[in-house]
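Order of the sequence lines sets the chain letters (A, B, ...), proteins ahead of strands, with each chain counted from 1.
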Amino acid sequence: MLTVLGNFRRTHYCGEINENNIDQSVRLVGWVDTVRNHGGVVFIDLRDRSGIVQVVVEELKNPEAYEIADKVKPEYVIAVEGKVRRRPEGTENPKLPTGFVEVVADKVLLLNTAHQPLPFQIEDEIKVNEEVRLRYRYLDLRRRPMLNNLLLRHKTYQVVRNFLTDEGFIEVETPLLTKSTPEGARDFIVPSRLHPGKFYALPQSPQLFKQILMVAGLDKYFQIAKCLRDEDLRADRQPEFTQIDLEMSFVGREDVMNLTERLVKEVFKQVAGIEIDYPLPIYSYEEVMSKYGSDKPDLRIREDVITPLIELTDIFKNTQFKVFKNVVDKGGIIKAVVVKGGAKTLSRQKIDELTKFVQKLGAKGLAWIRVDEDKLTSPITKFFSKEEIENLLNRCNAQVGDIIFFQADSDRESVYKVLDALRRRLADELKAREEGFKFLWVVDFPLLEWDKEEERFVSVHHPFTMPREEDLLQIDRALNTEDIEERKEILKGVKSLAYDMVLNGEEIGGGSIRIHRTDIQEKIFKLLGIGAVEAEEKFGFLLEALKYGAPPHGGFAFGLDRLLAIMVGVDSIREVIAFPKTQKGICPLTNAPDYVDPKQLKEVHCEVERREEE
RNA sequence: GGAGCGGUAGUUCAGCCCCGUCAGAACGCCGGCCUGUCAAGCCGGAGGUCGCGGGUUCAAAUCCCGUCCGCUCCGCCA
């Protein structure tokens, strides 16, 4: 029954067949989508990447073809030769683009079978464990939504390449086998066979190379680059992911921001047919933190339902309420979020759930006040003075029916984290998000922050980020004191020329103007606690490059997977990656990672501590 | 490293709380019938070490302990 393709060549894709092909003889190949066998007449929906067309095989008219058609099952691979005709009146299927015609088969060739039953049915909407989908990804990708995602991704590559090429950018590939650098994420490492005991690292990003390309005078570089980071995974994080990476010389922050927002605008227009508001609004880091508690706020959240964070610390600076008083005394902050109409939409039970939710995030509790018609209902108002209550209600602009949620903590980061999470959670529950795509820029990030665990300063962006020009003197001041507290105080005010692009509450890209002078770079390394010897060892090549006429430069990198996921409207970047890994970093299709032959280990001069399954 | 949810036919799930005709449903699959379907229909059938290991018990999918895997989140991710 099985046959070979031989000289059979397709004349059309299935989805292309339409009324214009009526009476034409066509040759099609593809997969059996569904079979409807009526005994004597078989309808086969034949599918290829372009779509589906109905093939009809009648026993009386064509017994040979019928014999094969009678046996086909879903996902069998067949070739069909036949004539296109208009479907008999009343049998058209308006749901299919090809639904007004059908192909009457003269010949049906069976090219391959498919094991039955399939691990899952090939349908647009499926409810299947993701592990199964990944194991049989070739079947999963036959599904129209997945194919569409790949097509969109493909289109995005084209738009990006065209746009950046038109803007004068040069696409350059940078190495995958490179050098491990401190700072940042954990590296994936690759043992060297030729150099016992030495390792390559897979790049976390092409950062250093693109800067060096600027020193080389490329002026404008881009790459659609794979980046690899050995950190724990999330819905929006894979161990390998793709960045649209670019770098430009002789530019300031505004130039890079302008270029990248025009790029993203072009991508949305060309790929999704969506016009985005432009230019994008710009917020300072301080602004988004105090207003939303997040450096990647979701501006879709309706502020007429869930307010931004409201500052209350000053109102309670002399309060009798010990919990708040302690926080104020320790230099902490008190902030609130008001849920307009929350009295109706949030039950006591729901508030209890929210309390548990924030406690898991490290909150001590979730104080609240409900504004009822004639009184306030709350576990805490009894501790407040009349004046405090009045000020509070005024500040919150609280109306009857509102609920106010509080966070007070000596650690302001905790207040931010909790209220941000609370706002997102409330937005989910109350369906209080506007449709669409809400972009913003976040700028003026601090250059450095104090890492309590490591007891040193670390870069907020990365160590090659240029401080604002007006802050350069402050860096010298900081270096002139050994007093850590004083340093912290000085560095608090030092901002970087970094910028993040945020879309719908996710960071979709970021960049900065880089340090192009050795003297400044060395100072930053010093502040980071990277000694001269280590700096030389780890970044010597960059420092050296900066000595040979490095131009002022800056750049940007988009998280392509995140951008696509949001554009497509899926919850996980795995949906826009052909072969993603599970949360434990496993590829269920290939079963990577896996043990290797001891011989291979020996060749690369490695020994494994212990092998558990043997 | 931590928290939550989940793991029972090919798939999605019910059963689990209170151990005992609870091993079930739907879709899929297999066989048969059927000449206009497109979620085809009708009749019949097969299919499960209840993730894995241990324990408690007369008896475990069900209770306990451990472990693995999937998803979501915290830490981490410059």
Asks: Within the 4.0 Å heavy-atom criterion, would you say A:Arg85 contacts the bases, only the backbone, or no part of the nucleic acid?
Replies: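 Result for A:Arg85 = base.
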Asks: For atom P, what is the distance between B:C50 and B:U8, given to the nearest Å?
Replies: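 The answer is 11 Å between these two P atoms.
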Asks: Would you mind reading off the distance between A:Glu123 atom CD and B:G10 atom P, rounded to a whole angstrom?
Replies: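 It is 18 Å, rounded to the nearest whole Å.
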Asks: Of A:Asp70 and A:Val458, whose nearest nucleotide on RNA chain B comes first from the 5' end?
Replies: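 It is A:Asp70, whose closest nucleotide lies nearer the 5' terminus.
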Asks: Grab the CZ-P distance between A:Phe357 and B:C5 for me, whole Å please.
Replies: 15 Å
Asks: Any base atoms under 4.0 Å from A:Pro588, or only sugar-phosphate, or nothing? Heavy atoms, all strands.
Replies: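 Here A:Pro588 touches no strand at all.
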Asks: Could you please spell out the steps behind the side-chain hydrogen bond (donor to acceptor under 3.5 Å, both in side chains) verdict for A:Asp70 and A:Asn37?
Replies: CA-CA 7 Å; A:Asp70 187 42; A:Asn37 191 334; 2.6 Å; yes
Asks: Take atom P in B:A61 and the same atom in B:U49, then report the distance between them in whole Å.
Replies: 13 Å
Asks: Can A:His38 be classed as stacking with the base of B:A40, given a centroid separation cut-off of 5.5 Å and a plane angle cut-off of 30°?
Replies: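 A:His38 ring centre within cut-off of B:A40 base, planes near parallel; stacks.
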Asks: With the stacking rule set at 5.5 Å and 30°, tell me whether A:Phe43 counts as stacking on B:U37.
Replies: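 A:Phe43 ring centre within cut-off of B:U37 base, planes near parallel; stacks.
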Asks: Under 4.0 Å, heavy atoms only, any strand: does A:Pro119 hit a base, just the sugar-phosphate, or nothing?
Replies: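 Sugar-phosphate: the residue A:Pro119, judged by heavy atoms under 4.0 Å, touches backbone atoms but no base.
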Asks: Could you check whether the rings of A:Phe120 and A:Tyr136 sit parallel, tilted or perpendicular, using 30° and 60° as the cut-offs?
Replies: perpendicular
Asks: Contact class for A:Glu125 vs. all strands (heavy atom < 4.0 Å): base, sugar-phosphate, or nothing?
Replies: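 Nothing: the residue A:Glu125, judged by heavy atoms under 4.0 Å, touches no strand.
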Asks: Can you tell me the distance, in whole Å, between the CZ atom of A:Phe100 and the C1' atom of B:G36?
Replies: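 Atom CZ in A:Phe100 sits about 16 Å away from atom C1' in B:G36.
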Asks: Using the ring of each side chain (for Trp, its six-membered ring), is A:Phe464 parallel, tilted or perpendicular to A:His462, with breaks at 30° and 60°?
Replies: tilted
Asks: Any base atoms under 4.0 Å from A:Val460, or only sugar-phosphate, or nothing? Heavy atoms, all strands.
Replies: sugar-phosphate
Asks: Answer yes or no on whether A:Arg425 is positioned over the face of A:Phe357, meaning its NZ or CZ is under 6.0 Å from the six-membered ring centre and within 45° of the axis.
Replies: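 A:Arg425 over A:Phe357 ring: yes.
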Asks: Taking CD from A:Glu75 and P from B:G28, how many angstroms apart are they, rounded to a whole number?
Replies: 14 Å
Asks: Rounding to an integer number of angstrom, what distance separates B:C29 and B:G10 when you compare their P atoms?
Replies: 14 Å
Asks: Report which part of the nucleic acid A:Val128 touches: base, sugar-phosphate, or nothing (heavy-atom distance under 4.0 Å, all strands).
Replies: sugar-phosphate
Asks: When you compare B:C27 with B:A46, how far apart are their C1' atoms, in angstrom units rounded to a whole number?
Replies: 16 Å
Asks: Check every strand shown and say whether A:Ser205 touches a base, only sugar-phosphate, or nothing at a heavy-atom separation below 4.0 Å.
Replies: base
Asks: Reckon A:Glu92 touches a base, only the sugar-phosphate, or nothing at all at heavy-atom distances under 4.0 Å?
Replies: base
Asks: Knowing that exactly one of A:Thr465, A:Leu542, A:Ile520 qualifies, which makes a side chain to side chain contact (heavy atoms under 4.5 Å, CB included) with A:Ile515?
Replies: A:Ile520
Asks: List the protein contact pattern of nucleotides 67-76 of chain B with one symbol per nucleotide (5' to 3'): B for base contact, S for sugar-phosphate-only contact, - for none; contact means a heavy-atom distance under 4.0 Å.
Replies: --SSBBSBBB
Asks: If you measure from OG on A:Ser512 to CZ on A:Arg253, what distance do you get to the nearest 0.5 Å?
Replies: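 Taking OG in A:Ser512 and CZ in A:Arg253, the distance rounds to 11.0 Å.
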Asks: For A:Gln116, which contact category applies under a 4.0 Å heavy-atom criterion: base, sugar-phosphate, or nothing?
Replies: sugar-phosphate
Asks: Please lay out, stage by stage, how A:Arg36 and A:Gln54 fare under the test side-chain hydrogen bond (donor to acceptor under 3.5 Å, both in side chains).
Replies: CA-CA 10 Å; A:Arg36 294 175 294 279; A:Gln54 174 167 283; 2.9 Å; yes
Asks: How far, in whole Å, is B:G51 from B:C71 if one measures between their C1' atoms?
Replies: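 It works out to 16 Å between them.
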Asks: Both distances under 3.5 Å, Watson-Crick or G-U wobble: report the partner of B:C42, or none.
Replies: B:G32
Asks: Let me know the distance between CD of A:Glu506 and P of B:C77, rounded to the nearest Å.
Replies: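 Those two atoms, CD and P, are 18 Å apart.
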Asks: Should the side chain of A:Gln54 and the base of B:U37 be counted as holding a donor-acceptor pair, with the cut-off at 3.5 Å?
Replies: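 Answer yes: a donor N or O sits under 3.5 Å from an acceptor.
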Asks: May I ask which nucleotide in the shown strands pairs with B:G20, Watson-Crick or G-U wobble, both distances under 3.5 Å?
Replies: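 In the structure as shown, B:G20 has B:C58 as its Watson-Crick or wobble partner.
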Asks: For the side chain of A:Gln121, counting heavy atoms from C-beta on, which of B:G28, B:C29, B:C77 is nearest?
Replies: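 The answer is B:G28.
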Asks: How long is the span from the NZ atom in A:Lys296 to the CG atom in A:Asp500, to the nearest 0.5 Å?
Replies: 10.0 Å
Asks: Check every strand shown and say whether A:Asn37 touches a base, only sugar-phosphate, or nothing at a heavy-atom separation below 4.0 Å.
Replies: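 Counting heavy atoms under 4.0 Å across all strands, the contact made by A:Asn37 includes a base.
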Asks: I'd like the P distance from B:C43 over to B:G54, given in whole Å.
Replies: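 Nearest-Å result for B:G54 against B:C43 at atom P: 45 Å.
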Asks: side-chain hydrogen bond (donor to acceptor under 3.5 Å, both in side chains), that's the test. Do A:Thr174 and A:Gln223 meet it? Break it down for me.
Replies: CA-CA 8 Å; A:Thr174 54; A:Gln223 181 180 193; 3.1 Å; yes
Asks: Taking the C1' atom in each of B:G41 and B:U35, what is the distance between them to the nearest angstrom?
Replies: 13 Å
Asks: By nearest atom, which of the nucleotides B:G28, B:G36, B:C77 is closest to the A:Val56 side chain?
Replies: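 Side chain of A:Val56 sits closest to B:G36.
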Asks: Could you check whether any side-chain N or O of A:Arg456 sits under 3.5 Å from a backbone N or O of A:Leu528, counting only pairs where one atom can act as donor and the other as acceptor?
Replies: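 Looks like yes, one N/O pair under 3.5 Å.
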Asks: From CZ of A:Arg425 over to C1' of B:G4, roughly how many Å is that when rounded to an integer?
Replies: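 Atom-to-atom, A:Arg425 to B:G4, this comes out as 11 Å.
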Asks: When you measure from the side chain of A:Gln204 to the backbone of A:Ala185, do you find a donor-acceptor pair of N or O atoms at a distance under 3.5 Å?
Replies: yes
Asks: With a 3.5 Å limit on both atom pairs, tell me what B:G4 is paired to, counting Watson-Crick and G-U wobble, or say none.
Replies: B:C71
Asks: Can you tell me the base-pairing partner of B:U37? Count Watson-Crick or G-U wobble geometry only, both distances below 3.5 Å, and say none if there is no partner.
Replies: none
Asks: Whom does B:G66 pair with, Watson-Crick or G-U wobble, provided both distances fall under 3.5 Å?
Replies: B:C52
Asks: Specify the separation, in whole Å, of atom CD of A:Glu58 and atom C1' of B:G36.
Replies: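 My rounded result for the distance is 9 Å.
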Asks: Expressed in whole Å, how much space separates the C1' atoms belonging to B:C5 and B:U56?
Replies: 27 Å
Asks: From the list B:C38, B:G36, B:U11, which nucleotide is the closest neighbour of the side chain of A:Arg87?
Replies: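 Minimum distance to the A:Arg87 side chain belongs to B:C38.
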Asks: Could you tell me the Watson-Crick or G-U partner of B:C27, where both distances fall under 3.5 Å? Say none if there is no partner.
Replies: B:G10
Asks: It should be established whether A:Lys127 places a side-chain nitrogen or oxygen under 4.0 Å from OP1 or OP2 of nucleotide B:C27.
Replies: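 No.
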Asks: Could you state the atom-to-atom distance from CD1 of A:Ile44 to P of B:A40 in whole Å?
Replies: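 So the CD1-P distance, A:Ile44 to B:A40, works out to 14 Å.
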